[in-house]
S.K.: 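The structure that follows is given in the form of structure tokens.
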Protein chains: 2
Amino acid sequence: MPKSKTGRPTIVDVADRAGVSRATASRALSSYGRINPETAKLVRAAAEAIGYRPNELARAMRAGKSKTIGLVIIADFTNAFFDRVTKSIVDSARGLGYQVLITNTDEDIAAERSAVETLIEKQVDGLIVVPSTSAVHDHLSNESLNGKPVVLVDRRLNGIRATTVITEDFVGCELAVRHAYSLGHRRMAFLVATASVKGMSTERPAMLISSVEDRTNGFLQGASECGIKPKAQSWMFCEDAPEISEAAVAKLLDTAKPPTIIFTSNNDMCLAVLKVAGNRRMIIGQDLSLVTVDDSQWAAAMVPGITVVSRPVELVGRLAVEKLVAQMQDSTLAPEKISLPTELIARQSVANLILRPELDPLFKD
Amino acid sequence: MPKSKTGRPTIVDVADRAGVSRATASRALSSYGRINPETAKLVRAAAEAIGYRPNELARAMRAGKSKTIGLVIIADFTNAFFDRVTKSIVDSARGLGYQVLITNTDEDIAAERSAVETLIEKQVDGLIVVPSTSAVHDHLSNESLNGKPVVLVDRRLNGIRATTVITEDFVGCELAVRHAYSLGHRRMAFLVATASVKGMSTERPAMLISSVEDRTNGFLQGASECGIKPKAQSWMFCEDAPEISEAAVAKLLDTAKPPTIIFTSNNDMCLAVLKVAGNRRMIIGQDLSLVTVDDSQWAAAMVPGITVVSRPVELVGRLAVEKLVAQMQDSTLAPEKISLPTELIARQSVANLILRPELDPLFKD
DNA sequence: AGAATTTGCGAGAACGTTCTCGCAAATCTT
DNA sequence: AAGATTTGCGAGAACGTTCTCGCAAATTCT
């Protein structure tokens, strides 16, 4: 039995066994064109008999479509985003008949460049990208991608015509602050992770990833609406690294008028607060309150449960795939900017200072 | 300027522009065979000028190798395994010049079958599989894979000649029990997640995934070594679903002689314990002790920190890729069974009943 | 200087598909 | 019954590479 180079039987083997030509075999198996139902049956039997499986690479070559989506993502596994959105993307893609080629950038723009390059060389039909910086995006231009559609996820990029799926982090964070205010919190600290800062800084950097920017602005807006004066707000922007973020938390706590609550921009920062508070025997939800962005199993299961701004991560992934596939099928489709609602999930990590004002370390009666 | 079907310039375009033949252009760009250095320079310039990028699909076709690895995994994102091992695999593969096609099975054997099928059709050069069940594996036989190597990860499969990378869960769990014993724990409960059981059962099911089996046996061995009598052990095997596992925890706690400690087989079960304990206002590390398998950021940052059996997940991923690539390059290589050491990380979730015997609910003085 | 070797390059095949085209046989017209 | 149409199928090209082979020109040998 003649086999192909790769060891697998090819359509020629099927054709030979069925006593027909390559063309007829192909017609029978892919059911197109004119073919005698009898012959078709014969061919299918032959294919079955020798265990024929089509070579999708050859198909892709011929068709000019690989039925593959490239995913360029930040495999930052503490972030509770990567894993959920990846799963969602992989599953949704599969449902639409696409496979996913995944690459990781670790927030590095050079890695992102080369990842996009590689995926294009592998002839993916489209890309889903979580861009690592908003500063640079020439590698996502129409030509670099030679017309292949791209969907941006989690982060906006200015000056690029691409469908974007993000979440209403601004609203969520604004709401979070108002929630805390309604429970009596007046001195608030904000801990924001960003790659634009080396170490830590109390100054807001000029450039922030759009999602981080939205969160920052949301916090600010909420604070301003509640009439929290700037001097009652303490801000810290820092690198996303354990030692640094823990030091930043310490800085926030070690002041004459320490905050009653810390809002963190992501789960890494939240864990830093948890750790430092734990070391100092401070009880979350009592001695110190805490709100973060992104829900997770552990945030819900912990005691106290962490109050979070929850984002519809699975939906983000699904929509990204659906929009991408739609554009692959119709390249005239206009790009969309989609922003999905967030939700504040109140748990027990925010103390009620109205009912228990004595929890404020500055409380005197 | 003539462009290919896909819109990108092809090597023919490069050749035309450099005024040479396809063959020469190819030689110049891939640097093989005999070629005049001057011509090579010329060709490279031409390629640069028109922005030529090779079509890896065509290359793969020709070479019979796609430089792609297929990953079949359970995207169970609460398990702290999927995300870390995936990242490790993607990064390691990239380092060796391979891309990763990822598919998710959700522990479903039919999905696994079809995933393997699809990946083979996409002509991956090899597979990394986290098998969803140990009962079936004909889809991983040499013929189904038509000679493509496969590396099994996290779970053994009997009767299959494939390199396997697992961890010493047995030893880790045995150690965990001894650790608890040394801190005075005598009544122990074990909560094991398994798909072999509908709902929950105190009986050990006949068939367990190998890693779960190892953990179960490790717990048993530890208990037996410490002389913990069967009646002082309570066991619960249950489905990996929140409602069920939480009910299972409740069952374990609601007895005349409740355990002082619960050992859980994975993070989902751990979270269930956390949740139920929290609802009952039981404090982990005091009213109830807890040990689980698999470390995570949150287990470390929580108060109290959760004592865990830590597995070298990144190493698992890296070795899986390295072994797979080695076999792809030399198909005569014998399969290896690799078992990597685990480590017990003691934190504060296990109470010291020797120092504080009064923490045992059955303590009387 | 003539023979032997080396060098550089192009023609063409191959990888495994799909699809266009044409042709013969079968079927349908009137 | 003779033309018109339909049906079923095979030959061959194409997708974009790489690689074998042969051939002419350039170089080295004696």
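Model, not experiment: these values are computed from the prediction. To find a chain, count down the sequence lines: A is the first, B the second, and so on, and within it residues start at 1.
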S.K.: Starting at the 5' end of DNA chain C and moving along, which residue's nearest nucleotide shows up first, B/Ala58 or B/Ala40?
M.R.: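 On the 5' side of the pair lies B/Ala40.
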S.K.: What integer distance in Å separates B/Leu57:CG from D/dT17:P?
M.R.: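 Those two atoms, CG and P, are 11 Å apart.
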S.K.: With a 4.0 Å cut-off on heavy atoms, is B/Arg59 in touch with a base, just the backbone sugar-phosphate, or nothing at all?
M.R.: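 Contact class for B/Arg59: sugar-phosphate only.
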S.K.: Quick one: is B/Thr10 getting a side-chain N or O under 4.0 Å of the D/dC15 phosphate, OP1 or OP2?
M.R.: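 For D/dC15, neither OP1 nor OP2 has a side-chain N or O of B/Thr10 closer than 4.0 Å.
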S.K.: Measure from the side chain of A/Ile35, starting at C-beta and using heavy atoms only, and say which of D/dC9, C/dA11, D/dG16 lies closest.
M.R.: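 Taking heavy atoms from C-beta onward, the closest nucleotide is D/dC9.
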S.K.: State which of C/dC19, C/dC9, D/dG8 makes the closest approach to the side chain of A/Asn36.
M.R.: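 Given the options C/dC19, C/dC9, D/dG8, the side chain of A/Asn36 is closest to D/dG8.
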S.K.: D/dC19, C/dG12, D/dG16: which one has an atom nearest the side-chain heavy atoms of B/Tyr32?
M.R.: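 Selected nucleotide (nearest to the side chain): D/dC19.
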S.K.: On the nucleotide D/dT17, are OP1 or OP2 found under 4.0 Å from the side-chain N or O atoms that B/Ser30 carries?
M.R.: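 Indeed not, no polar side-chain atom of B/Ser30 lies that close.
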S.K.: Does a nitrogen or oxygen in the side chain of B/Thr24 sit under 4.0 Å from OP1 or OP2 of C/dG10?
M.R.: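 Yes, within the criterion.
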S.K.: Checking contacts here: which listed nucleotide (C/dT7, D/dT20, C/dG16) is nearest the side-chain heavy atoms of B/Arg27?
M.R.: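 When the side chain of B/Arg27 is considered, D/dT20 is the closest of C/dT7, D/dT20, C/dG16.
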S.K.: Which nucleotide, C/dT17, D/dG16, D/dT17, lies nearest any side-chain atom of A/Arg22?
M.R.: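 The closest nucleotide is C/dT17.
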S.K.: For B/Ile166 and B/Arg156, which heavy atoms make the closest approach, and how far apart are they?
M.R.: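 Heavy-atom minimum between the residues: CD1-NE, 3.6 Å.
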